[in-house]
Chemist: 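First the structure, then my questions, so here it is.
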Amino acid sequence: MPGVPGGGPGVVGGGLVPVFVRLKWALLRNGLRQSAGRTAVYVVSIVFALLFAAGQLLGMVLLRGHAQAGTLAVLLTAVLALGWAVMPLFFPSGDETLDPTRLVMLPLRAGPLVRALLVASLVGIGPLYTLCLVVGAGVSVAHGAFAVAVAVVAVPLVLLVCLALARAVAAANIRLLTSRRGRDLALLSGLVVAVGIQFVNFGAQRLGEAGGLSRLEPVAEVVRWLPPASAVGAVDSASRGAYGAAAVQLLLSAAALAGLLYWWQRSLTTLMTAPDGSTLAAAGTGADRRRSAAGGIRLWPEGRTGAVVRRALTYAWRDPKAKSGWVTALALGAIIPLFNAWQGNGSVYWSCFAAGMLGTLMYNQFGQDTSAFWMVAMTVSSPRDAYVELRARAGALLLVTLPYATLVTVATAAVLGDWRSLPGGLGLSYGLLGAMLGMGAWASAFFPYSIPQDSAYKNAAPGQGSLAWISMTCGMLGSVLLCAPLVVAAVWSHVSSAGPSAGWLLLPLGACWGALLTWAGLRWGASRTARRLPEILAAVSKA
């Protein structure tokens, strides 16, 4: 970073902000220069994000003058701030500057560094999307010249509080989250968030049945005094002529921003001066490891297949990133269908969500090995070797996913009491699982990308985020299209006069179709893997 290391007070003070802004732009630009496909995917994602943000903005503007506009605006701001506090910890991000440990070796003071990072945080899709929502919230409740003046101050204040909150939480937890134990603990937090989202969904549906937002007015009366929602509450108070309340609410958000910046600065100072002991984990005894290894060897057959299955399951249990994917897939795969069934508005076919979530674990198989994939590549000299490798990896997934998808489908049918649809649900689940495994093998060969192990924030290396996005999107769309015949058969089983017997035909049909798709995908992916082995190795080894 030219001009920063060794720079004098002028560089560290006034010149640091533009340097970090240019650094942020350079990271985005260099990521897009990797290929025209990644640039196209990134542009498309920007367009969709902006269209969604514009729709949200328009919806909030149309609520202007509505009796519950203030309630919705305040609660939306609170949820937005909560998202900024939680999402960077458990979801991938392409912002390299979010990890402050990358900057600890530079001769930078914490105060100027906080200002530079805060301004650089304004560059990106997330801040722009947040700004659109907050502008919409401000417009929906601003009535009168004084309220508009308050909104001009409140909108950027909310955005800065959200950014400072995300940065402060990240800096305070970076040592924990980058350690193995910390990343294991983060799994539980991610599960809590996933379950919480379903409760929010359930509450929103109950709200629609019980009279709408008017039931949330007591909650909003409390939230409007909590930063940064208090800034939007200040605009609403100013519109109603409560100027004293508006001033207090605005000051609460400003005080919260100052407190977050101070917390963030203290965390950066600690990171730059204190030794890192969070990664010291107690290793198991040699006898324990030998007993574990010996027990594992007896479970699997000898040869490449047994070794690959054991390795894949060991990664799933010990690697924090792999474990995170498994826990998320298993939790959401059961929560969503069973929760909808419990509400009484679901269907047995909702259980296909379990097969879909677990099928995504087949994607980017080689990237999960990171730089250690070179040891696997040394043993692949023909399409046959690649096929055995991919088949064993798919078999390791099936050991868990097949009985789990079956269990979720049966449980969903039991909650709904719809045993007639159980055979069709099982057949469609098996077919979708087979399609996901086959498409995952294909995507692993065509769209490999590296998974950083030194960061708790990213599931793809810098510049490869769009590659991960297009891999998952193309694979999932392809799986849905491949399962179209089964969907048609499921619809026919419900509308035909054949009754339950038609559903029982779908069960073997789905199982056979899923097996065929898995076999074809593995064959296709193996031939491409053998041909593109150097490119795959370079992609998954990217730092």
Side-chain angles (χ1 to χ4, degrees), residues 187 190-206 208-209 325-362 397-437 439-440 476 479-496 498-515 517-518:
L187 297 177
L191 181 60
V192 171
V193 171
V195 175
I197 290 175
Q198 295 308 310
F199 277 102
V200 170
N201 179 40
F202 176 71
Q205 293 183 8
R206 293 301 183 194
E209 299 171 0
W326 274 98
V327 170
T328 302
L330 291 171
L332 293 181
I335 290 172
I336 291 180
L338 293 177
F339 212 92
N340 280 276
W342 178 57
Q343 294 180 65
N345 54 7
S347 167
V348 172
Y349 295 101
W350 268 99
S351 59
C352 294
F353 196 85
M357 287 295 299
L358 294 169
T360 59
L361 299 175
M362 185 65 187
L397 281 174
L398 282 173
L399 286 175
V400 178
T401 57
L402 192 61
Y404 185 80
T406 303
L407 179 62
V408 171
T409 306
V410 173
T412 304
V415 173
L416 291 172
D418 186 10
W419 297 106
R420 177 180 181 272
S421 301
L422 176 60
L426 287 173
L428 194 56
S429 292
Y430 295 157
L432 179 60
L433 181 59
M436 295 289 287
L437 292 178
M439 291 300 298
M476 294 182 70
S479 299
V480 171
L481 292 176
L482 290 173
C483 288
L486 297 179
V487 175
V488 173
V491 173
W492 173 78
S493 68
H494 278 274
V495 301
S496 68
S501 60
W504 282 105
L505 291 176
L506 187 59
L507 177 55
L509 178 63
C512 294
W513 184 246
L517 293 178
T518 301

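Scope of the values below: all heavy atoms of this structure, side chains included, with no hydrogens, waters or symmetry mates. Numbering starts at 1 and runs along the sequence shown.
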Chemist: If you round to the nearest 0.5 Å, how far is CH2 of Trp513 from CG of Leu428?
Modeler: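 If we round to the nearest 0.5 Å, Leu428:CG and Trp513:CH2 are 13.0 Å apart.
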Chemist: Could you check if a side-chain atom of Leu433 sits within less than 4.5 angstrom of a side-chain atom of Leu398, using non-hydrogen atoms only?
Modeler: yes
Chemist: Distance alone, cut at 3.5 Å: any donor-acceptor contact between the side chains of Tyr349 and Thr412?
Modeler: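 On atom types as modelled, these side chains do not qualify, holding no pair under 3.5 Å.
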Chemist: Considering only heavy atoms from C-beta outward, does the side chain of Phe353 approach that of Leu432 to under 4.5 Å?
Modeler: no
Chemist: Evaluate the side-chain proximity of Val400 to Leu358: yes if any heavy-atom separation is below 4.5 Å, no if none is.
Modeler: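 Not in contact.
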Chemist: If every non-hydrogen atom of Leu506 is compared with every non-hydrogen atom of Ala489, which pair is closest and at what distance?
Modeler: CD1-CB, 3.7 Å
Chemist: Step by step, work out the side-chain contact (heavy atoms from CB on, under 4.5 Å) result for Val410 and Trp419.
Modeler: CA-CA 8 Å; Val410 173; Trp419 297 106; 4.3 Å; yes
Chemist: Specify the closest pair of heavy atoms between Cys483 and Ala435, including all atoms of both residues, with the distance to one decimal.
Modeler: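 Distance-wise, the nearest heavy atoms are SG-CB, 3.9 Å.
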Chemist: Can you name the closest pair of heavy atoms from Leu486 and Gly510 and give their distance?
Modeler: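 Nearest pair, atom of Leu486 first, then Gly510: CD2-CA, 3.9 Å.
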Chemist: Leu397 and Trp326: side-chain contact (heavy atoms from CB on, under 4.5 Å), yes or no, with the steps?
Modeler: CA-CA 10 Å; Leu397 281 174; Trp326 274 98; 3.3 Å; yes
Chemist: Please report the interatomic distance CG(Leu332) to OG1(Thr360), rounded to the nearest 0.5 Å.
Modeler: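 Leu332 atom CG to Thr360 atom OG1 measures 10.0 Å (nearest 0.5 Å).
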Chemist: Quick one: CG on Leu507 to SG on Cys512, what's the gap to the nearest 0.5 Å?
Modeler: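 Result: 9.5 Å between the selected atoms.
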Chemist: Do the side chains of Tyr430 and Leu402 get nearer than 4.5 Å, heavy atoms only?
Modeler: yes
Chemist: Please report the shortest heavy-atom distance between Gly333 and Tyr404, naming the atom on each side.
Modeler: C-OH, 4.3 Å
Chemist: In Å and rounded to the nearest 0.5 Å, what is the OG to CE distance from Ser479 to Met439?
Modeler: 5.5 Å
Chemist: Could you tell me the separation between the CD1 atom of Ile336 and the CE atom of Met357, rounded to the nearest 0.5 Å?
Modeler: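 Here the interatomic distance stands at 7.0 Å.
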Chemist: Minimum heavy-atom separation for Ala405 to Thr409, with atom names?
Modeler: O-OG1, 2.7 Å
